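Below is one structure, written out as structure tokens; the observations come after it.
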Amino acid sequence: MSEELVCSKPEEVRYAETENSVEIVITLTSEDPPNNQDHNVNQLTEREAETVCNEIRPNHSLVSKELFQTEDDDDDSGTHYLNSDERPCTHLQRAERPGNGKLPDTFQTDHLLYYERFKAYQDYMLGDCKTSEVEAFTAEYLEKIAEPCDWQAIWHTDVFDVLVEVVDVDCKELKAKVELVLPMECETRGCDLTEESMKALLEATLHKVPILELSVVYDESGDFDQTALALEHLRFFYKHIWRKWDEEDEDDDFDYFVRCVEPRLRLYYDILEDRVPAGLVAEYHSTLALCFEKFQEFSSLRSGLDSDSESEQDNVSMVEGLRLYEQLEALKRKLRIIENPLLRYVLGYKVNSGQQSCRAKGPRPTGDRVVHLVSASATVHQLQSLITDKLMPHYSGEEFEVQFHSDPVLAVNACYEGDVVIVCPGLYSITSSISIVDSVEVEGYGLPDEVVIEKRNKGDAFVESTGANVKLSNLKFIQRDAVEGILCVRQGKLEMENCVMQCETTGVIVRSAAQLCMNMCDLYGSKGAGVEIYPGSVCSLVGNGIHHCKEGILIKDFADELDAMPKITMVNNMIHNNQGYAVILVKPGAAAVEDLPAEPNAADEKEKEFEDTVVQSEADIDDDDVPTIVVEEECPAIQHGHSVPPDFTEGNDAIKQELVATSAKKHGLRKSRMKALGAMQADENLLSQEMFISIHGNQFKHNGKGSFGTFLY
């Protein structure tokens with residue numbers, strides 16, 4: 001038996017949606033011949049089919065609406081994804097008022113994400129408007145989205161919060177006509193407010209209040225969701241985006257959203273997510289406040305000038321106005337630099353991320369030296385031990401003075417050249433960068449696990465050193481939720497001993513012309529390389545542990561003729577359990593490097609000499625007459641009192657050979673290019689840059705890709 005049942009929509013529904021009707025065809029098959037039960041089966045099947053149709057109709061209606069929605073039906077609030085016809089209810093959360101106040105709750109709208117505000121401003125509120133059109137566009141947006149009347153709100157001021165009902169909205173003036181809800185419900189701050197006084201206040205203002213001071217009362221029906229969101233977008237725009245001087249910009253022929261709204265919105269969320277250095281944030285807010293102050297002075301002075309007057313007072317005012325105008329323009333340019341993402345990091349970031357370290361203080365004018373003690377609290381016994389073990393033996397001279405601090409950042413910032421910072425045991429949580437600009441010594445009094453400095457701010461680097469001779473010892477650094485590296489030696493020399501670094505992003509970075517001596521330290525957790533060595537730097541790593549990083553040690557490309565060769569010392573380090581290589585060299589691929597000339601000359605003999613590697617110790621190197629490469633070999637009988645399995649140390653030779661070969665190719669390439677200039681004679685002194693390599697005794701265990709590798713770009 002095979003029959004078909006057709007289930008279609010009721011007649012009234014078909015008339016309403018003729019083009020969108022859907023028919024459900026259910027085919028019943030049976031191998032048995034027809035019998036007397038066919039009628040009952042058909043009745044049962046019809047009832048089941050009708051049930052299926054009833055279940056499908058709501059979903060079909062929703063799908064039909066989405067598929068055949070026209071542009072006129074598009075929601076202009078910027079939050080169309082909140083709309084749904086499944087059931088009438090709000091999709092916004094409730095913002096509960098603190099305490100047991102009498103006022104009702106409001107909608108929580110201040111938690112919107114970046115892309116939500118971005119879409120609302122770009123697609124629905126501002127579009128491609130010019131600066132002079134912002135007021136008209138915002139008024140049109142409010143008129144299309146906000147409910148014109150019959151909704152309750154909390155009128156919020158600095159003095160009181162009171163419940164009112166909106167009876168009309170003036171979109172051009174951004175004001176709402178309100179009536180006091182009786183009996184009056186209000187909360188006051190530092191004043192007494194009666195019902196009569198509130199009525200008198202509303203009458204004095206003609207019952208009109210700024211609409212940006214209204215917060216829509218929470219309603220579960222969902223009828224006022226878009227009104228609450230529209231007010232939030234306007235409130236945020238005029239508080240964080242709009243500037244009073246924007247409308248006076250002489251260049252009005254530009255897209256206001258692209259030029260002003262997008263960079264300011266991005267900066268707001270970067271600051272909110274701690275992605276901007278704390279110093280740059282403070283400078284931005286202070287510059288913005290000063291710019292508002294200067295604009296107010298300039299506006300007041302300009303309004304008092306008479307263009308037809310030739311009095312001496314007006315002439316003086318005009319000169320003062322020109323001076324204020326120049327100051328205002330300079331402040332506006334500075335704000336644009338910080339607001340622009342590219343200029344912010346190229347120009348502004350360096351000054352406020354610890355790189356103001358270029359301005360070292362030098363010695364204290366009085367000639368004294370200060371010992372800075374950092375401790376949140378200490379017992380008498382701890383102080384006695386500190387004085388006996390540290391202060392009296394080393395800093396008992398008359399030139400030393402003791403100062404006390406509770407924050408290591410404040411202690412370092414107070415240092416002059418030659419000062420000492422002693423950090424007592426404890427956990428110190430900081431939010432700004434430790435920038436060491438002078439030759440100072442920072443040491444922990446105790447074991448590294450007892451003296452812990454923890455940083456949680458995202459925007460700043462943890463430690464940046466540019467002092468001529470800086471020392472860190474017996475400290476543990478812990479990064480939390482960071483985007484910058486844990487330590488960067490930008491210039492000068494940094495000595496680290498017996499320190500622990502728990503990384504969140506990158507590890508230790510040694511910039512060109514900087515020097516790092518890292519002894520007996522433990523570094524782990526880096527999402528990049530544990531140590532990054534730049535061309536022209538001096539890096540000495542002795543007895544360290546580098547583990548559980550993406551790469552152990554990364555040596556940047558130095559094959560370019562403009563790059564100076566690094567000096568690398570790696571002795572008795574334990575590099576293990578890294579995701580990639582223990583040591584990786586970044587260099588250009590074969591297609592990016594020119595082949596050396598095949599002519600037999602002195603370069604070929606020197607290259608052969610490089611491959612044989614000259615055995616010479618670092619102490620025997622003469623600065624006036626150095627070979628191009630000096631490789632210090634190890635003597636196993638002297639260097640190790642116990643045997644080490646060859647599998648753990650075989651990477652030492654591979655690293656040395658690769659660095660030597662790269663340096664030899666660089667040397668020959670530079671020489672051939674200089675000779676190719678014709679009349680210019682290749683200067684052997686310029687070509688004889690030293691690359692000292694001392695790599696031995698290191699152990700490489702359980703690294704994901706092996707002991708040594710190269711990355712070609």
Side-chain angles (χ1 to χ4, degrees), residues 487-496 506-521 523 526 528-546 549 551-560 563-575 578 580-587 610-611 613-621 623 626-634 639 649-667 688-700 703 707-711:
L487 188 148
C488 182
V489 188
R490 297 193 176 274
Q491 63 187 39
K493 179 181 179 181
L494 172 64
E495 296 183 17
M496 296 186 67
T506 56
V508 177
I509 301 174
V510 190
R511 295 285 187 180
S512 299
Q515 184 174 354
L516 171 68
C517 296
M518 182 171 160
N519 303 327
M520 307 301 296
C521 295
L523 187 151
S526 172
V531 179
E532 293 185 13
I533 303 175
Y534 276 70
S537 62
V538 179
C539 185
S540 175
L541 306 174
V542 179
N544 301 288
I546 302 174
C549 304
E551 308 285 351
I553 299 174
L554 186 145
I555 303 174
K556 294 282 188 176
D557 171 38
F558 58 88
D560 189 90
D563 292 331
M565 299 183 187
K567 299 180 182 180
I568 302 173
T569 301
M570 291 174 53
V571 179
N572 296 336
N573 298 285
M574 175 68 75
I575 307 176
N578 295 289
Y581 292 102
V583 180
I584 184 170
L585 172 65
V586 178
K587 65 177 185 178
F610 297 152
E611 294 174 357
T613 68
V614 180
V615 180
Q616 181 177 347
S617 65
E618 183 178 10
D620 297 332
I621 296 176
D623 293 335
V626 294
T628 304
I629 306 173
V630 180
V631 181
E632 183 179 272
E633 300 286 356
E634 67 166 323
Q639 298 291 341
T649 60
E650 61 181 5
N652 294 281
D653 294 334
I655 297 170
K656 287 185 288 188
Q657 291 173 5
E658 183 65 33
L659 295 178
V660 167
T662 303
S663 178
K665 182 174 290 188
K666 170 186 172 70
H667 174 80
S688 61
Q689 287 183 301
E690 174 192 359
M691 176 181 178
F692 181 81
I693 304 174
S694 177
I695 301 177
H696 60 77
N698 303 287
Q699 298 187 41
F700 310 100
N703 295 288
S707 300
F708 176 73
T710 57
F711 177 78

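Every value quoted in this text rests on a predicted model; they were computed, and no experiment measured them. The figures here come from the full heavy-atom set of this structure, side chains too, leaving out hydrogens, waters and symmetry mates.
In this structure, N578 contributes its side chain and C549 its backbone to a donor-acceptor pair below 3.5 Å. Without hydrogens or angle criteria, Q491 side chain to A514 main chain gives no donor-acceptor distance under 3.5 Å.
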Would you be so kind as to tabulate the donor-acceptor pairs closer than 3.5 Å made by side chains of residues 529-546, with sequence neighbours excluded?
residue, atom, partner, partner atom, Å
Y534, OH, R511, NH1, 3.1
S537, OG, Y534, O, 2.6
N544, OD1, M520, N, 3.2
N544, OD1, C521, N, 2.8
N544, ND2, M518, O, 2.7
N544, ND2, V542, O, 3.4
N544, ND2, N573, OD1, 3.1

- Message: For a side chain to side chain contact (heavy atoms under 4.5 Å, CB included) check, start with the C-alpha distance between I555 and V586, then their side-chain angles and the critical distance, and finish with the verdict.
- Response: CA-CA 6 Å; I555 303 174; V586 178; over 6 Å; no
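Side-chain contact check for V571 versus S694: some heavy-atom pair is nearer than 4.5 Å.
What you find for G507 and S526 is that their closest heavy atoms are N-OG, 3.4 Å. Scanning all heavy atoms of the two residues, the minimum distance from M496 to L487 falls at SD-CD1, 3.6 Å. Among all heavy-atom pairs drawn from M570 and N698, the shortest one is O-ND2, 2.9 Å.
Note that CG of L554 is 11.0 Å distant from OG1 of T506, once rounded to the nearest 0.5 Å. Taken to the nearest 0.5 Å, the CZ atom of F700 stands 7.5 Å off from the CD1 atom of I553. To the nearest 0.5 Å, atoms CG (L585) and NZ (K556) are separated by 11.5 Å. Expressed to the nearest 0.5 Å, how far CG of N572 lies from CD of Q699 amounts to 8.0 Å.
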